[in-house]
Amino acid sequence: MSYLAPSEFVTKMVDAGESKIFMSTRDTIIRAYMAGAILALAAWFAVTINVNTGQPLVGALLFPVGFVMLYLLGFDLLTGVFVLSPLALIDKRPGVTLGGVLRNWGLVFVGNFAGAFTVAFMMAFVTTFGFTQAPDKVGAAIGNIGEGRTLGYAAHGAAGMATLFLRGMLCNWMVSTGVVGAMISTSVPGKVIAMWMPILVFFYMVFEHSVVNMFLFPSGLMLGAKFSIMDYLIWNEIPTVLGNLVGGLAFTGMTLYTTHVMTKPKRQADKAARPRVAA
């Protein structure tokens with residue numbers, strides 16, 4: 001499967017983060033828009049499978065098709081740039097600044113939301129025949145998701161907020177591992193397998209993904225679900241974004257960078273200082 005050693009693919013992670021920071025506004029928005037739209041389609045697909053089969057595992061097994069497609073096409077998710085862009089700053093790449101990292105995050109957020117919202121509108125339109133009737137089974141299920149994962153957290157107060165934040169962390173631990181998976185191999189089958197495994201875990205475990213939620217919750221609101229925009233922002237999207245940032249950077253980005261890049265000079269120095277043994 002043309003596997004790359006960790007020291008090789010972590011260097012690719014830093015290179016990717018640098019390239020994203022210097023990418024033009026137009027390209028960043030387009031790539032983020034398409035990523036949000038494709039991931040939203042995959043979420044719609046997975047919910048449809050769950051409703052029609054009654055087997056959440058089947059939906060989780062097939063949901064990663066969207067993630068795989070968008071990364072093979074070179075598009076960007078907020079959860080991915082949360083991990084990659086800061087590494088270029090930490091690595092002190094020339095010209096990389098905190099402002100550049102924040103600009104990248106902001107543009108990707110806007111693009112992801114626009115793409116996910118587009119598909120949310122399409123889904124709401126399709127499942128109600130142009131808003132002329134009540135939503136079908138899939139639309140009703142998506143509305144219930146929105147209520148359960150806003151008002152459900154709010155009912156538990158601070159404990160609910162902490163649970164939401166931790167689910168966001170756990171989510172991007174897995175999702176960012178999938179992002180790295182795209183760099184582990186130089187072959188398409190190798191990339192697909194490496195991406196598929198952690199995305200399956202995240203989706204089946206019902207962790208909180210900020211971009212997937214950009215589709216689920218606006219579509220729920222369009223379909224008449226009984227929660228508000230402020231419920232969505234305060235009791236899901238904002239804590240999820242923060243949890244995704246902390247989880248992905250702490251558990252994936254910094255752990256890989258620290259052990260495979262930051263320690264490289266020390267290992268090379270140790271090797272140079274090691275006495276040679278005569279043959």
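To the nearest 0.5 angstrom, Ile184 atom CD1 is 4.5 Å from Phe9 atom CZ. Distance check: Leu221 CG to Phe227 CZ gives 4.0 Å after rounding to the nearest 0.5 Å. In this structure, Ser210 OG and Ile238 CD1 are separated by 12.0 Å, a value rounded to the nearest 0.5 Å. The line from CE of Met169 to CZ of Phe207 is 11.5 Å long, rounded to the nearest 0.5 Å. Note that CE of Met230 and CD1 of Ile234 are 3.5 Å apart. Values are rounded to the nearest 0.5 Å.
Between Pro218 and Tyr232, some side-chain heavy-atom pair lies under the 4.5 Å cut-off. Using a 4.5 Å heavy-atom cutoff, the side chains of Met161 and Pro239 are in contact. The shortest side-chain heavy-atom distance between Met222 and Phe217 does not fall under the 4.5 Å cut-off. In this structure the side chain of Met174 never reaches within 4.5 angstrom of the side chain of Ile199, judged on heavy atoms. Counting heavy atoms from C-beta on, the side chains of Trp235 and Leu151 never come closer than 4.5 Å. When side chains are defined from C-beta on, Trp105 counts as touching Leu245, because their heavy atoms get closer than 4.5 Å. Side-chain atoms of Leu72 and Lys191, non-hydrogen and from C-beta on, do get closer than 4.5 Å to each other. In this structure the side chain of Phe251 never reaches within 4.5 angstrom of the side chain of Leu170, judged on heavy atoms.
With side-chain heavy atoms closer than 4.5 Å counting as contact, directly or through intermediates, the hydrophobic cluster containing Val110 also holds Ile29, Leu107.
For the pair Thr240 (side chain) and Asn236 (backbone), a donor-acceptor distance under 3.5 Å is present. With hydrogens and angles ignored, the 3.5 Å screen pairs a side-chain donor or acceptor of Asp136 with a backbone N or O of Gly139. With Thr11 contributing its side chain and Ser7 its backbone, the two residues share a donor-acceptor pair below 3.5 Å. Proximity of a side-chain donor or acceptor of Thr252 to a complementary backbone N or O of Leu249 within less than 3.5 Å is not detected. Judged by distance alone, with hydrogens and angles left aside, the side-chain atoms of Asn112 form a donor-acceptor pair with the main-chain N or O of Ala32 at under 3.5 Å.
A side chain to side chain donor-acceptor pair (under 3.5 Å) check over residues 156-166, counting only residues at least two apart or in different chains, returns nothing. Judged as a side chain to side chain donor-acceptor pair (under 3.5 Å), not a single pair has a partner in residues 42-58 (not counting sequence neighbours). Within the structure, side chain to side chain donor-acceptor pair (under 3.5 Å) contacts touching residues 81-90 (residues at least two apart or in different chains) are Ser85-Asn104. Screening residues 118-129 for side chain to side chain donor-acceptor pair (under 3.5 Å), with sequence neighbours left out, gives Tyr33-Thr118.
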Cut-off 3.5 Å, no hydrogens considered: what does the side-chain donor-acceptor table look like for residues 75-82, sequence neighbours left out?
from, atom 1, to, atom 2, distance (Å)
Asp76, OD1, Lys20, NZ, 2.7
Asp76, OD2, Lys20, NZ, 3.4
Thr79, OG1, His209, NE2, 3.2

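Tested against Ile49 for a side chain to side chain contact (heavy atoms under 4.5 Å, CB included), the candidates Leu62, Leu57, Leu61 yield a single pass: Leu62.
Taking the side chain to side chain donor-acceptor pair (under 3.5 Å) definition, one finds that Asn144 meets it with nothing, sequence neighbours left out. Checked against salt bridge (Lys or Arg N to Asp or Glu O under 4.0 Å), Glu237 has no partners two or more places apart in sequence or in another chain. Arg149 pairs by the salt bridge (Lys or Arg N to Asp or Glu O under 4.0 Å) definition with Glu208, not counting sequence neighbours. Looking at residues two or more places apart in sequence or on another chain, you find a side chain to side chain contact (heavy atoms under 4.5 Å, CB included) between Val179 and Phe67, Tyr71, Leu84. In terms of the salt bridge (Lys or Arg N to Asp or Glu O under 4.0 Å) criterion, Asp231 has no residue partners (sequence neighbours excluded). Taking Asp15 as the reference, Arg93 meet the salt bridge (Lys or Arg N to Asp or Glu O under 4.0 Å) condition, with sequence neighbours excluded.
Leu242 and Phe202 fall within a single hydrophobic cluster, where Ile, Leu, Val, Met, Phe, Trp and Tyr are joined by side-chain heavy atoms under 4.5 Å apart, directly or via other members. Hydrophobic clustering keeps Phe129 apart from Val51 (ILVMFWY residues linked when any side-chain heavy atoms are closer than 4.5 Å, directly or through intermediates). Cluster membership for Val65 and Val211, using ILVMFWY side-chain heavy atoms within less than 4.5 angstrom, is shared. If you chain together hydrophobic residues whose side chains sit under 4.5 Å apart, Leu39 and Val206 never meet in one group. With hydrophobic clusters built from ILVMFWY side chains whose heavy atoms lie under 4.5 angstrom apart, Ile142 shares a cluster with Phe121.
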Intermediate values then yes/no, side chain to side chain contact (heavy atoms under 4.5 Å, CB included), Ser185 and Tyr3: CA-CA 5 Å; Ser185 174; Tyr3 171 74; 5.9 Å; no

Begin with the C-alpha distance, continue with both residues' side-chain angles, and end with the deciding distance and a verdict on ring-ring contact (aromatic ring centres under 6.0 Å, His included) for Phe63 and Phe203. CA-CA 8 Å; Phe63 169 76; Phe203 198 82; 4.2 Å; yes

Asp91 vs Glu18, test: side chain to side chain contact (heavy atoms under 4.5 Å, CB included). Steps then yes/no. CA-CA 10 Å; Asp91 200 56; Glu18 181 181 16; over 6 Å; no

Could you walk me through whether Thr132 and Phe125 pass side chain to side chain contact (heavy atoms under 4.5 Å, CB included), step by step? CA-CA 9 Å; Thr132 61; Phe125 194 98; over 6 Å; no

Check against side chain to side chain contact (heavy atoms under 4.5 Å, CB included), Thr255 and Thr259: CA-CA 6 Å; Thr255 51; Thr259 191; 5.9 Å; no

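Within 6.0 Å of the CG atom in Leu73, the count of heavy atoms belonging to other residues, nucleotides or ligands exceeds 12. More than 12 heavy-atom neighbours from other residues, nucleotides or ligands sit within 6.0 angstrom of CE on Met23. Heavy-atom contacts from other residues, nucleotides or ligands closer than 6.0 Å to CZ of Phe131 number more than 12.
Residues Ala42 and Gly66 share a closest heavy-atom pair of CB-CA, 3.6 Å. For the pair Ala141 and Val47, the tightest heavy-atom approach, listed with the atom from each and the gap, is CB-CG1, 4.3 Å. Shown here for Val246 and Phe165, the closest heavy-atom pair between the two residues is CG2-CZ, 4.0 Å. Closest approach of Met13 to Met183, counting heavy atoms only: CG-SD, 3.5 Å.
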